[in-house]
Amino acid sequence: MSGERYNPREMEPKWQKVWDDAKSFVSANDDPREPYYVLEMFPYPSGRIHMGHVRNYSMGDVVARYQRARGKNVLHPMGWDAFGLPAENAAIERKTHPGTWTRQNIAAMKAQLKSMGLAIDWTREIATCEPEYYRHQQAMFIDMMAAGLVTRKQSKVNWDPVDMTVLANEQVIDGRGWRSGAVVEQRELTQWFFKISDMAEELLEALDGLTDWPEKVRTMQRNWIGKSEGLRLLFEMVPGNATAATSVEVFTTRPDTIFGASFIALSPDHPLTTELAASNPELAEFIAECHRQGTATETLEKAEKKGVFTGLHVKHPVVEGATLPVYVANFVLMDYGTGAIFGCPAHDQRDLDFARKYDLPVLPVVRPADADAGFAVANEAFTDDGVIFNSGFLDGLGIAEAKKAAAAHFADRTVDGKPQGKVEVNYRLRDWGVSRQRYWGCPIPVIHCEVCGTIPVPKKDLPVVLPEDVSFDKPGNALDHHPTWKHVNCPQCGASARRETDTMDTFVDSSWYFARFTAPDADTPTIPEVANRWLPVDQYIGGVEHAILHLLYSRYFTRAMKATGHVGLSEPFKGLFTQGMVTHETYKSPSGDWVPPTEVLLETTGELRRARHIHSGEPIAIGSVEKMSKSKKNVVDPDEIVATYGADTARWFMLSDSPPERDVQWTEAGVEGASRFQQRIWRLVGETIEFAKQSPETVRTSDDDEARALRKIVHRAVHNVGGDIEGLRFNRAVAQIYELTNALVRSAGLVAEAPTARIGALQEGVERLVQLLAPMMPHLAETCWEALGKPGLVADAPWPPVDPALLVDNTVTMPIQVNGKRRGEITVAKGTPATEVESQVLSMDEIVRILNGQAPKKVVIVPDRIVNVVV
RNA sequence: GCGGGCGUGAUGGAAUGGUAGACAUACCGGACUUAAAAUCCGGAGGGGGUAUCCCCGUGCGGGUUCGAGUCCCGCCGCCCGUACCA
């Protein structure tokens with residue numbers, strides 16, 4: 001056997017079947033061992049897996065297999081995020097049903113994932129598009145309605161008039177629908193919302209407890225929630241204004257600058273603006289202009305601060321007898337704060353730009369601590385901390401104190417019978433609109449009755465199943481077009497009523513699938529005791545693109561499930577890891593077309609790399625390294641890699657080289673290196689087996705120096721690799737394994753000198769090596785394990801124990817520095833006292849020579865680490 | 001603008017404040033081979049010297065320290081996120 005090459009094509013399917021038959025990775029809910037839940041973000045069934053999936057699932061699989069070896073009861077499931085727009089688009093293009101397309105894709109991708117040899121419990125597989133899944137989502141929606149977590153309200157949406165559908169902000173490109181190209185309109189629709197903003201503070205505060213999350217993700221969520229503390233402030237209208245309104249309410253975080261106020265600005269969408277526009281054509285035209293500009297994010301950046309004077313004035317709240325003009329301004333947003341601001345030009349850049357344009361006063365009221373009362377503002381607002389001046393009762397205070405003093409001042413006054421100022425905390429976080437006017441989603445289980453109103457579908461009538469006989473001939477919501485589906489009788493009064501035809505945002509589906517995995521066949525959404533035992537997910541792994549929406553929604557939904565009794569915890573994911581992308585070089589032909597890597601022939605002469613087209617031979621330009629994407633054709637198909645090199649090679653390469661949180665560059669050379677390493681392991685195992693045949697009598701713990709040195713290396717490697725996997729430092733674990741392999745190969749070459757004494761250590765080392773490899777290259781490891789004559793599966797073998805005595809050396813080699821530069825080294829017994837090391841070092845010939853007669857000023861000795869002689 | 005991260009050989013990257021460049025890829029030399037591949041042995045940050053060795057070196061400039069890739073201050077560059085948020 002030693003002469004044969006390892007053949008992954010033959011061995012990988014074999015072991016996959018063995019694991020399957022033995023149900024190796026099926027986990028039981030009543031297993032008494034400590035539970036460990038590792039989860040990778042489940043895929044959207046687009047049709048084929050890509051290299052990003054390979055990387056993601058390889059990482060999760062290492063963790064799963066490692067924790068299994070550590071004796072944990074590991075839950076490592078897989079499912080499909082199966083609802084969504086692409087299925088409907090495919091249905092339109094291919095004249096098929098979204099379900100047919102989706103289920104075909106699932107079958108294809110499942111086969112691909114299986115070919116990777118992942119340690120997944122496939123008995124728990126779920127697909128969010130199946131009624132067995134979404135019926136529970138509907139039940140929870142009803143529970144959430146009962147608990148007051150759901151609301152229905154008017155909301156502005158991006159409406160594509162050609163596709164007759166609502167678009168997400170991401171689907172609006174330069175003000176046009178991403179599919180139809182039609183100019184997007186703003187429409188008011190009644191939509192369903194989860195009241196996530198009620199939980200803004202709770203979601204914000206709990207971030208502090210998520211210590212096993214990347215700081216970056218926590219920061220992004222903090223910013224998204226966007227807490228700001230300020231003051232709601234009422235400005236009283238001057239009598240005689242052409243409006244019925246008696247006051248305007250603004251929100252400000254800078255009440256300390258109130259003495260510097262020089263105007264009020266309303267949002268173009270403010271109710272008062274709307275009222276005034278009815279009789280003011282100039283204003284109406286301005287509002288229309290703002291709306292036209294509204295969506296294109298790019299232009300916002302350069303957009304000039306513009307406004308229209310309304311003719312109204314309000315009383316200055318602190319300067320007796322003074323008034324402030326009321327403008328409508330294009331930079332004031334209706335959906336933040338109150339939709340109205342007071343402008344203080346000296347201390348806000350936007351207000352300053354606006355004031356300069358309309359010639360409004362600029363009165364500084366905060367000056368730098370080292371400036372005098374003559375401090376003035378030119379074209380740059382002063383926004384730093386400083387001292388309040390020009391401000392009556394606030395003079396001399398710092399900004400923080402002035403904010404408090406102003407708040408206290410206004411709290412004691414009233415306008416319109418209400419306190420003039422009220423401290424308020426604002427969040428950027430909006431309620432979560434979950435209505436989608438689409439067919440391929442979870443139906444919202446609600447019935448609209450003209451008599452009884454909007455009422456939930458009784459739970460006994462769940463699930464509300466999507467009709468199969470739908471047509472996508474007409475644009476818009478196929479559910480709404482269905483001839484019969486929406487016509488039902490009211491469950492309360494029996495009168496004819498109408499089903500809700502909105503379906504839920506697919507983010508709802510993915511906000512609880514991790515909980516469903518714990519009891520995928522239960523006839524309730526969860527079995528709370530079971531869910532509580534498995535959850536939170538110990539290690540969640542996925543792309544950073546989900547840092548905000550998916551992860552925030554899941555955190556919210558888990559709280560909603562807690563409030564409705566489906567789980568007993570608030571945070572779904574204890575540990576989070578966000579992996580980097582898979583990149584590849586790009587290639588371009590002379591005609592400027594992208595060329596896929598499979599058609600490129602690379603040549604290296606010296607340090608020069610060149611590329612030619614594999615067929616035509618024409619020169620190909622090697623371009624930058626980019627994320628794999630169809631548009632740049634720089635994709636590598638996992639199927640081809642598995643067919644050519646085997647799954648283990650693909651997995652190994654994905655884990656080596658780059659730190660997992662960073663992007664990894666897929667290279668042909670790198671894969672070949674991984675493949676060669678696989679063969680190297682196989683040769684080493686073959687050689688070891690031959691030695692054992694020749695010399696069956698061997699000792700594992702011998703006095704032979706070489707054997708003892710090898711055992712130290714082996715045990716240290718076991719120790720380090722375990723630590724690296726636990727810290728998700730896969731690239732370092734890989735490097736450790738390379739080092740161990742190098743040591744074992746070297747050692748195998750020395751066995752002939754003393755076979756009896758050394759073969760045992762080599763055997764032990766190779767067995768351990770195979771075990772260290774098992775989480776990463778599981779098929780190869782099983783093959784080697786079997787060849788070595790070990791009983792059972794390496795997948796079931798416990799993680800090898802480490803002999804602590806072998807982790808410590810009794811001698812240490814300490815570098816010797818002179819003035820911080822390395823000049824030599826000394827090997828002494830571990831724990832040698834500093835005084836003794838010092839005298840030894842100072843008597844060494846090379847040190848004496850370097851010192852050249854100079855007396856050391858100081859000798860720094862860190863025991864067992866380093867010596868530094870200072871002269 | 002704001003927030004976060006990064007900057008080390010040809011390349012991906014190692015390095016609890018303690019021998020910079022582990023490990024890998026590519027490269028160069030040698031062995032084996034009719035030859036190639038595979039494999040094995042060796043080399044390799046830059047500069048100088050026959051050599052023992054010496055000087056320089058982790059984006060740039062300062063600082064702290066016996067000692068800095070690592071900590072602090074100020075720049076430069078790149079990447080990611082986010083934004084008329086009052």
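Just so it is clear: chains get the letters A, B, ... in the order the sequence lines come, proteins before strands, and each one is counted from 1.
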Measure the acute angle between the ring planes of A/H347 and A/F382, then classify it against the limits of 30° and 60° as parallel, tilted or perpendicular.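 Perpendicular: the ring planes of A/H347 and A/F382 meet at over 60°.
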If [N] has a Watson-Crick or G-U wobble mate with both distances under 3.5 Å, name it; if not, just say none.
N: B/G42; value: B/C28
N: B/G81; value: B/C2
N: B/A86; value: none
N: B/C75; value: B/G59
N: B/A35; value: none

Is the phosphate of [N], meaning OP1 or OP2, less than 4.0 Å from a side-chain N or O of [X]?
X: A/R822; N: B/C54; answer: no
X: A/R680; N: B/C40; answer: yes
X: A/R5; N: B/A38; answer: no
X: A/N731; N: B/A14; answer: yes
X: A/K821; N: B/C56; answer: yes

Roughly how many Å apart are [M] and [N], using the [atom1] atom of each and rounding to a whole number?
N: B/C54; M: B/C6; atom1: C1'; value: 35 Å
N: B/C75; M: B/G7; atom1: C1'; value: 14 Å
N: B/G57; M: B/G9; atom1: P; value: 14 Å
N: B/A44; M: B/C23; atom1: P; value: 13 Å
N: B/G21; M: B/U11; atom1: C1'; value: 13 Å
N: B/U39; M: B/G45; atom1: P; value: 24 Å
N: B/U19; M: B/G69; atom1: P; value: 10 Å
N: B/G30; M: B/C79; atom1: C1'; value: 44 Å

Evaluate the criterion side-chain hydrogen bond (donor to acceptor under 3.5 Å, both in side chains) for residue pair A/Q221 and A/R555; output intermediate values, then yes/no. CA-CA 11 Å; A/Q221 291 213 353; A/R555 294 180 62 222; 2.9 Å; yes
Using the ring centroid of each side chain, check whether A/F653 and A/W666 are separated by less than 6.0 Å.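 Yes, they do, as the ring centres are separated by less than 6.0 Å.
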Selection from [options] that lies nearest to any side-chain heavy atom of [X]:
X: A/A735; options: B/A83, B/U19, B/C23; answer: B/C23
X: A/R823; options: B/G13, B/C54, B/C85; answer: B/C54
X: A/P659; options: B/A22, B/G18, B/A14; answer: B/A14
X: A/D657; options: B/G12, B/C84, B/A20; answer: B/G12
X: A/Y738; options: B/A26, B/A83, B/C23; answer: B/C23
X: A/F331; options: B/C84, B/C85, B/U19; answer: B/C84
X: A/R683; options: B/G18, B/G3, B/C40; answer: B/C40
X: A/N868; options: B/A86, B/C66, B/G7; answer: B/C66
X: A/E739; options: B/C84, B/C23, B/G18; answer: B/C23

Results of ring pair (Phe, Tyr, Trp, His ring centres under 6.0 Å) for A/Y553 - residues two or more places apart only: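 If we apply the ring pair (Phe, Tyr, Trp, His ring centres under 6.0 Å) test to A/Y553, skipping adjacent residues, the hits are A/W432, A/F507.
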How would you label the contact of [X] with the nucleic acid (heavy atoms, under 4.0 Å): base, sugar-phosphate, or nothing?
X: A/R218; result: nothing
X: A/N742; result: sugar-phosphate
X: A/V332; result: base
X: A/Q665; result: nothing
X: A/R222; result: nothing
X: A/V870; result: sugar-phosphate
X: A/T219; result: sugar-phosphate

I need the [atom1]-[atom2] distance between [X] and [N], as an integer number of Å.
X: A/Q349; N: B/C2; atom1: CD; atom2: P; result: 12 Å
X: A/M814; N: B/C66; atom1: CE; atom2: P; result: 18 Å
X: A/R746; N: B/C23; atom1: CZ; atom2: C1'; result: 12 Å
X: A/D663; N: B/C80; atom1: CG; atom2: P; result: 9 Å
X: A/K216; N: B/C80; atom1: NZ; atom2: C1'; result: 4 Å
X: A/F677; N: B/A38; atom1: CZ; atom2: P; result: 17 Å
X: A/E585; N: B/G12; atom1: CD; atom2: P; result: 11 Å
X: A/I225; N: B/G81; atom1: CD1; atom2: P; result: 19 Å

Take A/Y327 and A/V308, measure what side-chain contact (heavy atoms from CB on, under 4.5 Å) needs, and give me the verdict at the end. CA-CA 5 Å; A/Y327 282 77; A/V308 173; 5.9 Å; no
Test for a donor-acceptor pair under 3.5 Å between the base of B/C84 and the side chain of A/K305, counting only N and O atoms.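 Counting by modelled atom types and ignoring angles, a donor-acceptor contact under 3.5 Å is found here.
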Checking [Y] against [X]: is there a side-chain donor and acceptor pair closer than 3.5 Å?
X: A/S197; Y: A/D431; result: yes
X: A/N720; Y: A/R729; result: no
X: A/T827; Y: A/T813; result: yes

Is there a side-chain contact between A/L429 and A/K227, using heavy atoms and a 4.5 Å cut-off?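 Counting from C-beta outward, A/L429 and A/K227 never come under 4.5 Å.
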5'-most by nearest nucleotide on RNA chain B - A/T813 or A/E846: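 The residue closer to the strand's 5' end, by nearest nucleotide, is A/T813.
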When you match A/A669 and A/F342 each to their closest nucleotide on RNA chain B, which lands nearer the 5' end?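 Its nucleotide being nearer the 5' end, the pick is A/A669.
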Have a look at B/G57 and give me syn or anti from its glycosidic angle (syn if within 90° of zero).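 Judged by the O4'-C1' to base torsion, B/G57 sits in anti, the angle falling more than 90° away from 0.
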